[in-house]
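Worksheet: one structure, shown below.
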Amino acid sequence: MSEAITQDNLYLLLLCKIGWLAQWMVEDKGISIAEAINRIYRSNLFKKLSYESAKYWHLGPIDLNEELKQELQKRARLLYFHARTQNIE
């Protein structure tokens, strides 16, 4: 008999998914595992993963990695733009 995924047991899946994402970030970006985990926990993706009702837990590692990459790239562009506008003023 398989157990249903609930908010109470979702953390069991998150451990694996965060581990995959962190390892890929270490390899892709050349950052430490601690920094990778920190970036993941601060991401909007992690917020979505944290709620069972969002159903992000059903996504595979490739989809999650792609979404995280897009989010981090967007954040980097916004920070760059903000820094540039601050230097102009």
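In what follows, residues are counted from 1 in the order of the sequence shown.
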Check which hydrophobic residues are tied to Leu14 through side-chain heavy-atom contacts below 4.5 Å, counting indirect links as well, and list them.
Ile5, Leu10, Leu13, Ile18, Leu21, Met25, Val26, Ile31, Ile33, Ile37, Ile40, Tyr41, Leu45, Phe46, Leu49, Tyr56, Trp57, Leu59, Leu64, Leu68, Leu72

In Å, rounded to the nearest 0.5 Å, how long is the span from [atom1] of [X] to [atom2] of [Y]?
X     : Y     : atom1 : atom2 : result
Gln70 : Asn65 : CD    : CG    : 10.0 Å
Tyr11 : Glu52 : OH    : CD    : 15.0 Å
Lys69 : Gln73 : NZ    : CD    : 7.5 Å

Pair Glu67 + Lys48: basic N to acidic O under 4.0 Å:
yes

If the condition is salt bridge (Lys or Arg N to Asp or Glu O under 4.0 Å), which residues does Arg75 pass it with, not counting sequence neighbours?
Glu71

Check salt bridge (Lys or Arg N to Asp or Glu O under 4.0 Å) between Lys47 and all other residues, then give those that pass, not counting sequence neighbours.
none

Atom of [X], atom of [Y] and distance for their closest heavy-atom approach:
X     : Y     : result
Ala22 : Ala36 : O-CB, 3.7 Å
Lys29 : Arg39 : CD-NH1, 3.5 Å
Trp20 : Pro61 : CE3-CB, 3.5 Å
Thr6  : Asn9  : N-OD1, 2.7 Å

Answer yes or no: are there more than 12 heavy-atom neighbours, outside Lys55 itself, under 6.0 Å from its atom NZ?
yes

If you count heavy atoms of other groups shown closer than 6.0 angstrom to CD1 of Ile62, is the number above 12?
no

Taking the side chain as every heavy atom from C-beta outward, state whether Tyr80 and Arg77 have any pair of such atoms under 4.5 Å apart.
no

